[in-house]
Every structure is written in C-alpha cells, then in structure tokens.
There are 2 protein chains.
Amino acid sequence: MRSPAELSSAFRESGLKVTPQRQLLFRLLHDNATHPTADALFAAASEQMPGISLRTVYQTLTDLTSMGELQSFDFGNGPARFDPNVGSHHHVVCRSCNDVADVYVAGASDLDVAGLEGFTIDRSDIVFHGLCARCSTTQDVTGSHPNSNIPSPTTGAMS
Amino acid sequence: MRSPAELSSAFRESGLKVTPQRQLLFRLLHDNATHPTADALFAAASEQMPGISLRTVYQTLTDLTSMGELQSFDFGNGPARFDPNVGSHHHVVCRSCNDVADVYVAGASDLDVAGLEGFTIDRSDIVFHGLCARCSTTQDVTGSHPNSNIPSPTTGAMS
DNA sequence: ACCCTATCTGCATCTCATGCGAACACGCAA
DNA sequence: TTGCGTGTTCGCATGAGATGCAGATAGGGT
Ligand SMILES: [Mn+2]
Ligand SMILES: [Mn+2]
Ligand SMILES: [Zn+2]
Ligand SMILES: [Zn+2]
C-alpha cells in the first residue's frame, strides 16, 4: 500500500475523512511485512491510542482492502492476515507458530493448468504449509531435517 | 478416500467402531467431487437418517481427515470444504456461488521458488479465485469475457 | 464558528467449529 | 444368545472471529 501521506490524500480526494485512527493504522501497516491479524493491529494501535475500538480497526482494514491498498488472506488456521504488499507474491505458513513469510515464485505463468475451462480467473494464490526454521529445530522429535530449503518432504515441490 | 467397505475394515482394524452414522458418511463422501461442507453433508445424511447429529458429522469428518482419508480446505469464503480426493490436485473457487472445482497443474515442481529458506514444506496449495461459467454470464455487467479458460484477466496467469 | 455527514465506539448478533458429559450401542467374550 | 466395557452419538454450552446496528463524536468544507 501507499505511504501514510499518499493515503491521506487519496482518502480526502475520495470524500473519506482522515481521522487519527486511520492515520495510526496507515503508519502501523506501512512496510509491515508481518502479515498482522486484526487483533495484532488492535493491540499495537491501543498502545499509541488507548481506547481505539477493535471495530474501527476491522472497519479500516475492510476499507483499505476494498480500495486495493491492502490484501486479506485466510490461511485456514486462524484469523485473517492482512498484507500491505499488494504486489505479486505468495506465502509460506508455519503450521506450528502460524508465522507467515513472503514467497516469490518465478515461472508461475508457465504452468499448464487443466480444469479452468469456463472460469474467469482474477486471482491465483500459492500457499506453502510447513514448519519454519525455529519450529523445525525445537519440536524436532523424529530427528528430521533441520534445514531443508526446497520443498520435497514426502510431497515433491508441488504436484 | 477408500471405498466404504475398505474404510469399514480399516476402522475395525484400528479398534474404531463401524456405526451406521459412519457408514452413511462413507457412502456420501465416496467419489463425491462437490467438495461439500459439513452442513451439506449433514443435510444429505439427515435425509437418509433423520436425527443424525451435526456434531457426529463434524466428528467423523475430523476422524477421516486425521486418518488421511479426507482433506479439508478453507478457501476463506465460508465453512470448510471436504475432499475425498486425496491425490495431488488443486482448486478453483467461484467468488460468487462459492462452487469449487478440481484443477490439475502440470509443471508445478519446476517452479523457481524464493523465500522458503529454512522451511520444511509438507503441503503446497494453489487456489484460483474467479467466476464460474454460470456466474460469468449471469452478472455480466461490464460485458466481460464469457468464456476464457486461461488466467489473464487483469492479473496474468499467476505471477 | 457552524453544520452536515462520515466515522467511531460499544454491544448485540452471526457463523462456524469444538468442548463436554450423559445416554447409547458396537463388538468381543462367555 | 446374553452381558459387558469402551468407544460413539447427541444435545447443549462455549469459543473464536467477524459483522450489524445506532447513538455519540468529530472531520472539513462553508
Ligand atoms: Mn505477503
Ligand atoms: Mn478437490
Ligand atoms: Zn514456526
Ligand atoms: Zn459461480
């Protein structure tokens, strides 16, 4: 998403108001690569603005998302994750700590896809699920691979 | 997942009991390519077995999933979808009617992925979001493409 | 400074899913 | 076939995450 200053202008130009709550969220989201949840943002916002409502956080996130400034992902593990990085990229999620990291996939457009006949596609997401480095070494019960960077385990890269 | 008969044997061999409720769900799920929700299965089951509990449906689905006979997907639009097809395949979801269809992706293992350093991957999902054929023609407001089978619209295939 | 209207906030409501315990019944054993 | 022990079923309570709603509040143009 754009910078807090640019967003403020954009909001005003759209007839939307630039409130302190919104400005705070602009700042908290800008360059935020943690893929925060609404609750996490609420917690962070509450530190700087005690009394801010969780409802307002949700509202603002929804607004930014429908404006295309923010992306929302549901990885099926818990609450939705928000991402100010609206560029083309994908994700990897740790099944243990639920951390999310960006993944860049090259050659995705060369895929040979069967089954999309009749569909008009507007979004394609690739999500890798696994264990992050920290969680791998910690709960390493079976003496599995501490550091393997390429897919493989059981399933190949993909398939 | 395996056939109702095979599942019955597998259950008994594991010390699990083969109840009429479970057998019914085995049948309802076998070769079911609709990616049903727990509620849909509950409705279907209720026709043949009035009084069956939604709780039992959830319980059985969870059991089958942890046994690897069933897969569970959360596409972020509503309730979880269950899939007896545990083979390697991916999905396309209609953002309007929420229908889910199977998609087979070739060459997925040739992808050049950056960002998985340190992760141990055990599952990779590709999900396409868009409009199915029926929904495309219906709410075709802007005169968009009635039938385009390859990604493209706005965003490239993937990226 | 004033007013109109968008926003904020607190609470109710909703959906989906899981925890829990008493009643029930599968399946083995006698 | 009958009886028993343990796994299941079922109904209800509870929980998480998110949205609906309306009165109080405050942008921001005039
Ligand atoms: Mn991201
Ligand atoms: Mn499928
Ligand atoms: Zn982790
Ligand atoms: Zn559709």
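Please read all numbers here as calculations on a predicted model, not as lab measurements. Per chain, numbering begins at 1; letters A, B, ... match sequence-line order.
Nucleotides of DNA chain C nearest to B:Phe82 and A:Val57 differ in position, and the one nearer the 5' end is that of A:Val57.
Hydrophobic side-chain contacts under 4.5 Å tie A:Val100 into a cluster, directly or through other members, with A:Phe73, A:Phe75, A:Val93, A:Val127. Under a 4.5 Å side-chain heavy-atom criterion applied to ILVMFWY residues, the cluster that includes B:Tyr104 comprises that residue alone.
In this structure, the side chains of A:His129 and B:Asp122 come closer than 4.5 Å at one or more pairs of heavy atoms. Side-chain atoms of B:Leu61 and B:Leu29, non-hydrogen and from C-beta on, do get closer than 4.5 Å to each other. Residues B:Met67 and B:Leu7 are not in side-chain contact: their nearest non-hydrogen atoms beyond the backbone lie 4.5 Å or more apart. Side-chain contact between A:Ser3 and A:His30 is present, with at least one heavy-atom pair separated by less than 4.5 Å. Counting heavy atoms from C-beta outward, A:Gln71 and A:Arg123 have side chains that approach closer than 4.5 Å. Residues B:Asn85 and B:His35 fail the side-chain proximity criterion, which asks for heavy atoms closer than 4.5 Å. With contacts defined as side-chain heavy-atom distances shorter than 4.5 Å, the pair A:Asp74/B:Asp74 qualifies.
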*Might you work through the salt bridge (Lys or Arg N to Asp or Glu O under 4.0 Å) test for B:Asp83 and B:Arg81, ending with a clear yes or no?*
CA-CA 7 Å; B:Asp83 194 345; B:Arg81 312 294 294 243; over 6 Å; no
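When rounded to the nearest whole Å, the span between CD of A:Gln59 and P of D:dA22 equals 15 Å. When the C1' atom of D:dG17 is taken as reference, atom CZ of A:Phe75 falls 16 Å away, rounded to whole Å. In this structure, B:Leu61 atom CG and C:dC16 atom P are separated by 15 Å, rounded to whole Å. Rounding to whole angstrom units, CZ of residue A:Arg22 and P of C:dT9 are separated by 11 Å. What separates CG of B:Asp63 from P of D:dG7 is a distance of 13 Å, to the nearest Å. When rounded to the nearest whole Å, the span between CG of A:Asn77 and P of D:dG17 equals 10 Å. In this structure, CG of B:Asp39 is placed 13 Å from C1' of C:dC14, rounded to the nearest angstrom. As rounded to whole Å, 16 Å separates atom C1' of D:dA18 from atom CZ of A:Arg81.
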Please enumerate all protein N or O atoms sitting under 3.5 Å from an N or O of nucleotides 11-15 of chain D, with distances to 0.1 Å.
none

Between N or O atoms, less than 3.5 Å apart, protein on one side and nucleotides 24-30 of chain C on the other: list the pairs.
{"residue": "C:dC26", "atom": "O2", "partner": "B:Lys17", "partner atom": "NZ", "Å": "2.7"}
{"residue": "C:dG27", "atom": "OP1", "partner": "B:Arg12", "partner atom": "NH1", "Å": "3.2"}
{"residue": "C:dG27", "atom": "OP1", "partner": "B:Val18", "partner atom": "N", "Å": "2.9"}
{"residue": "C:dG27", "atom": "OP2", "partner": "B:Arg12", "partner atom": "NH1", "Å": "3.4"}

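Partners of A:Asn77 by side chain to side chain donor-acceptor pair (under 3.5 Å), not counting sequence neighbours, listed by chain and number: A:Asn98.
For A:Tyr58 and D:dT19, the shortest distance from a side-chain N or O to OP1 or OP2 is not below 4.0 Å.
Residue A:Ala80 is classed as a sugar-phosphate contact, given heavy-atom separations below 4.0 Å to backbone atoms only.
Shown for residues 64-74 of chain A: no residue has heavy atoms falling under 4.0 angstrom of DNA chain D.
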